[in-house]
Amino acid sequence: MSQQKDLLREMAAAHNSGGPDRISEWFTEDFRLHEPGAPPSPVGYEGASQMRARVRILTPPIRLKILDMIEEGDRVAVRWQLKAMYGGEPFEQSIMAIYRFENGRIAEDWGIATRAPWPRCTRSS
């Protein structure tokens with residue numbers, strides 16, 4: 001397993017367990033979030049904190065699951081499924097993100113999320 005993939009698994013585990021965010025260990029000082037259609041986020045730890053806070057408003061049980069992870073060079077692509085409660089109602093979100101790493105931390109995040117589950121697929125032989 002790679003250090004980059006391990007860091008993403010660690011972040012998911014922190015969400016699922018309610019563990020603390022370790023922003024300075026997970027993100028670079030000049031981290032940038034790129035989200036189509038969203039207002040620009042602050043650069044650096046502030047932007048990373050704001051991004052992580054969006055998930056923290058959900059109520060348990062929170063289940064952030066990695067469905068697929070592909071690594072090439074300094075980038076890792078992840079297909080995520082998020083299930084939780086929000087305002088007393090079930091909340092489900094599908095997320096596709098590509099992360100660029102520098103020195104073992106996330107330097108950039110290109111992500112797209114939609115409030116719907118990933119379609120179930122069946123494999124044919």
Side-chain angles (χ1 to χ4, degrees):
M1 282 193 231
S2 80
Q3 178 185 5
Q4 296 171 161
K5 288 180 177 179
D6 288 345
L7 183 141
L8 294 167
R9 287 184 184 98
E10 181 182 313
M11 287 173 50
H15 270 310
N16 294 338
S17 69
D21 286 338
R22 297 199 330 258
I23 299 297
S24 65
E25 294 176 36
W26 295 339
F27 299 92
T28 61
E29 293 172 5
D30 60 348
F31 166 77
R32 293 183 184 274
L33 175 63
H34 311 282
E35 275 185 298
S41 294
V43 173
Y45 296 149
E46 179 61 28
S49 294
Q50 286 182 15
M51 177 184 69
R52 299 284 294 167
R54 285 190 236 150
V55 177
R56 294 283 184 201
I57 63 169
L58 301 173
T59 54
I62 295 173
R63 181 71 180 129
L64 182 60
K65 184 177 181 182
I66 295 171
L67 301 176
D68 296 296
M69 199 167 6
I70 300 168
E71 180 175 13
E72 185 170 327
D74 64 352
R75 295 173 197 239
V76 178
V78 181
R79 185 170 66 102
W80 300 92
Q81 187 68 59
L82 173 64
K83 294 182 181 182
M85 297 295 287
Y86 179 70
E89 298 292 325
F91 177 89
E92 194 161 2
Q93 193 172 47
S94 298
I95 305 159
M96 187 69 211
I98 299 173
Y99 303 94
R100 185 178 66 80
F101 286 78
E102 280 182 11
N103 300 316
R105 295 182 295 163
I106 299 169
E108 290 185 271
D109 175 345
W110 293 269
I112 297 174
T114 186
R115 193 165 173 188
W118 287 102
R120 296 194 188 278
C121 64
T122 57
R123 294 181 187 202
S124 57
S125 346

(message) Using the side-chain contact (heavy atoms from CB on, under 4.5 Å) criterion, which residues pair with I66? Sequence neighbours excluded.
(response) R9, M69, V78, W80
(message) On a heavy-atom basis, which atom in P36 and which in G111 lie closest, and how many Å separate them?
(response) CD-O, 3.4 Å
(message) So, taking the atom named OH in Y99 and the one named CG in D74, what distance separates them when rounded to the nearest 0.5 Å?
(response) 14.5 Å
(message) I'd like to check R63 versus Q81 (side-chain heavy atoms, cut-off strictly below 4.5 Å). Are they in contact?
(response) no
Please output the side-chain donor-acceptor pairs of residues 42-49 that fall under 3.5 Å, not counting sequence neighbours, one pair per line with the distance.
unit_1 : atom_1 : unit_2 : atom_2 : d
Y45    : OH     : R105   : NH1    : 3.3
E46    : OE2    : Q50    : NE2    : 3.0
S49    : OG     : Y45    : O      : 2.9

(request) Considering non-hydrogen atoms only, spot the tightest contact between P20 and W26 and give its length. (result) O-CH2, 3.8 Å
(request) For residues L64 and A12, report the shortest heavy-atom separation together with the two atoms involved. (result) O-CB, 3.9 Å
(message) So, using side-chain contact (heavy atoms from CB on, under 4.5 Å) as the criterion, who are the partners of R79 when residues are at least two apart?
(response) L67, D68, M96, W118
(message) Tell me if a side-chain donor or acceptor on T59 pairs with a main-chain N or O of M85 at a distance below 3.5 Å.
(response) yes
(message) Quick one, N103 and T28 - any side-chain contact, counting heavy atoms below 4.5 Å?
(response) no
(message) Once side chain to side chain donor-acceptor pair (under 3.5 Å) is applied, do any residues pair with E108, and if so which ones, sequence neighbours excluded?
(response) H34, R100
(request) Would you sort out whether F101 and Q3 count as a side chain to side chain contact (heavy atoms under 4.5 Å, CB included), showing the intermediate values? (result) CA-CA 10 Å; F101 286 78; Q3 178 185 5; over 6 Å; no
(message) Minimum heavy-atom separation for S94 and P117, please, with both atom names.
(response) OG-C, 3.1 Å
(request) State which residues pass side-chain contact (heavy atoms from CB on, under 4.5 Å) with Y86; sequence neighbours excluded, sorted by chain then number. (result) I57, L58, F91
(request) Evaluate the side chain to side chain contact (heavy atoms under 4.5 Å, CB included) criterion for residues R52 and F27: first the C-alpha distance (whole Å), next the side-chain angles of each, then the deciding distance (0.1 Å), finally the verdict. (result) CA-CA 11 Å; R52 299 284 294 167; F27 299 92; 4.3 Å; yes
(message) Let me confirm one number: the CZ-CD1 distance from R75 to I106, rounded to the nearest 0.5 Å.
(response) 13.0 Å
(request) Using distance alone, with no hydrogens and no angle criterion, decide if S2 and E71 have a side-chain donor and acceptor under 3.5 Å apart. (result) yes
(message) Do W110 and L8 sit in one hydrophobic cluster, given that two such residues count as connected whenever their side-chain heavy atoms are within less than 4.5 Å of each other, even indirectly?
(response) no
(request) Evaluate the side-chain proximity of K83 to K65: yes if any heavy-atom separation is below 4.5 Å, no if none is. (result) no
(message) Listing request: all salt bridge (charged side-chain N to carboxylate O under 4.0 Å, His left out) pairs with a residue in residues 25-43, at least two apart in sequence or in separate chains.
(response) R22-E25, E35-R54
(request) Find out if a path of hydrophobic residues (ILVMFWY) with successive side-chain heavy-atom gaps under 4.5 Å connects L33 to I23. (result) yes
(message) The test is side chain to side chain contact (heavy atoms under 4.5 Å, CB included); show your working for H15 and L82 and say whether it passes.
(response) CA-CA 10 Å; H15 270 310; L82 173 64; over 6 Å; no
(request) Could you pull out the closest heavy-atom pair between Q93 and A113, with the gap in Å? (result) NE2-CB, 3.5 Å
